[in-house]
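In what follows, a structure is listed as structure tokens, so that the remarks can point back to it.
All chains are named by letter (A, B, ...) in the order of the sequence lines, taking the proteins before the strands, and each is independently numbered beginning at 1. Side chains included, hydrogens not; waters and symmetry mates left out as well; all remaining heavy atoms used. What you see is a predicted model; the values in this text were computed from it and never measured.
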Amino acid sequence: MRGLNPQQREAVLYQGQSLLIVAGAGSGKTRVLTHRIAHLIATHRAWPSQILAITFTNKAANEMRERVGQLLGGAADGMWISTFHSACVRILRREISELGYNSSFTIYDTHDSRVLLKRLIKERHADTDGLTPAAAQHRISQLKNELRDADDLSRDSGGRSPLDEALIDIYRAYDHALLRANALDFDDILVQTVHLFEAFPEVRRRYQHKFRHVLVDEYQDTNKAQYELIRLLTTSADGTGPATAPERAEPRILSVDAPTLTVVGDSDQSIYAFRGADMRNIVDFEKDFPGTHVVLLEQNYRSTQRILSAANAVIGNNFDRAEKNLWSALGDGEKITAYAGYTAHDEAQFVADRIDDLHQDGLDYRDVAVFYRTNAQTRALEEIFVRAGIPYRLIGGTKFYDRAEVKDALAYLVAIANPVDDLSVRRILNVPKRGIGPTTEQRLVMFAEQQRLDLPAALTRAAEIGLGPKVTQAMTSLGGAIVDARTALAEDRLDEVVGRFFEHIGIIEVLRSSLDAQDQARAENLEEFLSQLTDYVDKHPDASMVDFLTEVQLTAAADDLDDESGTVSLMTLHTAKGLEYPAVFITGLEEGLLPHQMSIDEIGGLAEERRLFYVGITRARRRLFLSLAINRTVFGQTRDQLPSRFLDEIPGELIEWRQHPDEIGANRRGISWGGSQRAGDDDFEADGGWGASARSHGSRSKRSGAAHAWANEIGVGSTPKTELHLAAGDRIRHKSFGEGTVEELTGKGAKQVAAVRFDSGQRKKLVVALAPIEAL
DNA sequence: GGTTTGTTAGTTTTT
DNA sequence: CTAACAAACC
């Protein structure tokens, strides 16, 4: 209990049935949770295996496990500390046969499920109704998060448009296809677990009996399905707990035997409404679980007072929220530094310069983070950071496992582990190219249906389809390889089987011998994939192929954050949740970006954007930097940007402007700068008319002033070299690659690209106008 | 069936 | 601007 304040101590010690910890940003909630778990175990109120703790990311889960382990001196094994999704998959792998799936089910990510939907829509010609795959996916995901399936929808009476009908149809077909493929999408992982507990009370009772204490972090970002899951786990299954969900207003009586429930959250940090998160879960918690004890944590141990004051001022503009004031004992700290740049590159240069300063003053690169609203904003930052020599890492964005070639590799593993997953098998039919086009694929699928075979089995009998000898041979061989690999899994190490398998089908070899420079990188990615697999098997000798796939598919962007790397971290504001850094940059503080254009017309959208900004601000411990660009290239063309309305919400005396938007002729929204606060009424702000109507001529004159900034951009300012006229067969010398022969020339003028085979054996594609090459 | 070229549509945030 | 798609060509 040492080092805990009275409120924290109270939260750790409370012994009743349900506890709500309202924890402001930086108030030590992780500390409280870990101590509470450790205390439960240390006082023999629970065995480690009786603890279920839900966190938002796998990384948070690992951290928590480690910290509890430290407190207890290592007796933490057997605790379930994981995300909702991981915990549910773990349960489903054991129990899902009750629901008609097989325990080696595969998990579809958003991309997979979109491909499936696209196919279904096409087959049904539902696109004529104006149903796009993306829209259908979004709607279905929303519905699943609300625990509504296609049958529920069709039971609804009342007028339905043709579009609604089409959606119901597609939704039903989609779920059916998933079941047939023995696959679950992200939402199903939660939904099917809820189904399991509802339909099989004895299973539910078993897990209730197992978990005596349930703890949920980031409770403000739970959705309906997650809420229902918690309810099913923590309220009595016998008698009072009906199989169907009662109306949410109905009070829930916790029987003495029910597990205890602890939730931690902060409604000001709810930023996942777009994913179905429902703040009512935390707001109504006391109603839902009567007798709840509430603890408020308001002292912030993370940030300086100036940073907190800014955060408080911003979030204070959200009406309809519980008053809460964070305070800090860490002193005022320094002012917030702000900068308005001419362009995104200018802005990035400011960020780079300040990081340089900080580094000079002894701050480690790893202690710096740069946040942005959209992933598209990374480009300028990356370009400038490379030039400035600042080591950085992108957290999130396109993940390693999202790359096409890696997804191919994964699809192969799925084909081996779960052969009924048509989507995955079809993905790899012709990778690498083996002459199986759409027509052949169709014939194969029909053959498989007739013979009631899964696709790999059908491949082994391709001779019966009556295709040409070449294709038939290729198909039989592929099918045989998949079946053999499955058999080999029983005997040999997973990574060895996969390694041999890849060698056999030549997937890496084909890329290696390709002329396309990108293919070399792809081959390297596949080799990296194999070495990650080997690492995994070394770490988990008993793990199956399915275990590996699960881990890969549930691993989020924020999970592979490695604090030891000594680099600046770049990430979206969403990814930043739950993290903290001594120095934080929030970039792109412009109307249309933060708040994002898409959110401005949405109900509650502006309030959520404000919370997102609030989350960003409160990640900072000592230094906070805010920046924007008054000219930003979006959509391929340059646009004038207005400073974000959120900047107005920070009291002027907290900010020191290095370059004020007014100095460089930024457009204004027709209100005074840094002056009196506007009433933070969403409806009032949401008219958004200022942006368009106040668009003035101010920006034109600044073009000349911007010239300096432009010179900062990559490429501009470097002297164009004399034009090179090359032809295939010409010999050239490259500054770093040495001498080589031009093999091929494509494009013309400034965009001409030469494919060069260097004497070292390397092949490269080079932009003739830019590459440091000379003719020999 | 494979490859290249041209066209078009779409870009918020993510377990 | 890019990625995904379709059409035209080999």
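Backbone-only contact: A/T440 has heavy atoms under 4.0 Å from sugar-phosphate atoms and none from a base. Within the 4.0 angstrom heavy-atom criterion, no nucleotide atom of any strand lies near A/D109. Contacts of A/T439 with the nucleic acid, taken as non-hydrogen atoms under 4.0 Å apart, involve only primed sugar atoms and P, OP1 or OP2.
Nearest-nucleotide positions on DNA chain B for A/S599 and A/V471 put A/V471 closer to the 5' end. When each of A/G435 and A/H574 is assigned the nucleotide of DNA chain B with its nearest heavy atom, A/G435 is the one assigned upstream, toward the 5' end.
For A/N430, no side-chain nitrogen or oxygen approaches OP1 or OP2 of B/dG1 to under 4.0 Å. In this model, the phosphate group of B/dT3 is approached by a side-chain N or O of A/K433 to a distance below 4.0 Å at OP1 or OP2. Contact check, A/N145 against B/dT15: no side-chain N or O comes under 4.0 Å of OP1 or OP2. Put simply, A/N223 has no side-chain N or O that comes within less than 4.0 Å of OP1 or OP2 on B/dT15. At the phosphate of B/dT14, OP1 or OP2 sits under 4.0 Å from a side-chain N or O atom of A/T575. Between B/dT15 and A/T57, no contact under 4.0 Å exists linking OP1 or OP2 to a side-chain N or O.
Remark: C/dC5 base-pairs with B/dG6; criterion is Watson-Crick or G-U wobble with both hydrogen-bond distances under 3.5 Å. Partner assigned to B/dT12 is none, using Watson-Crick or G-U wobble distances below 3.5 angstrom.
Nucleotide B/dG10 holds its C1' atom 16 Å from the NE2 atom of A/H138, rounded to whole Å. Separating the CD atom of A/Q220 from the P atom of B/dT13 is a distance of 20 Å, rounded to the nearest angstrom. Put simply, CG on A/L554 is 8 Å from C1' on B/dT15, counting in whole angstrom units. Distance CZ (A/R611) to P (B/dT12): 19 Å, rounded to an integer number of Å. Residue A/Q137 contributes atom CD, which lies 15 Å from atom C1' of B/dT12 at whole-angstrom precision. Whole-Å rounding puts the A/Q377 CD to B/dT13 C1' distance at 11 Å. Counting to the nearest Å, the P atom of B/dT14 and the CG atom of A/L579 are 13 Å from each other. Taking atom CD on A/E608 and atom P on B/dT14, their separation rounds to 12 Å, with Å as the unit.
Checking side-chain atoms of A/E590 against main-chain N and O of A/L628 turns up no donor-acceptor pair under 3.5 Å. A/E218 places no side-chain N or O within donor-acceptor distance of the main-chain N or O of A/G265, the cut-off being under 3.5 Å.
Closest to the A/R379 side chain, of the nucleotides B/dT14, C/dT2, C/dA4, is C/dT2. For A/R373, whose side chain is taken as the heavy atoms from C-beta onward, the closest listed nucleotide among B/dT12, C/dT2, B/dT14 is B/dT12.
By the 5.5 angstrom centroid cut-off and the 30-degree plane limit, A/Y272 is classified as not stacked against the base of B/dT13.
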Inset, instruction - Apply the test side-chain hydrogen bond (donor to acceptor under 3.5 Å, both in side chains) to residues A/Q442 and A/T439: give CA-CA distance (whole Å), side-chain angles for both, the deciding distance (0.1 Å), then the verdict. - result: CA-CA 5 Å; A/Q442 267 308 310; A/T439 319; over 6 Å; no
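Salt-bridge annotation for A/R379 and A/E382: absent, with no side-chain N of the basic residue lying under 4.0 Å from a carboxylate O of the acidic one.
Comparing C/dA4 with B/dT13, their P atoms sit 15 Å apart, to the nearest whole Å.
Ring-plane geometry between A/F613 and A/F646 is classed as parallel, the angle between the planes falling under 30 degrees on a 0 to 90 degree scale with a further cut at 60.
Less than 6.0 angstrom separates the ring centroid of A/F56 from the ring centroid of A/Y272.
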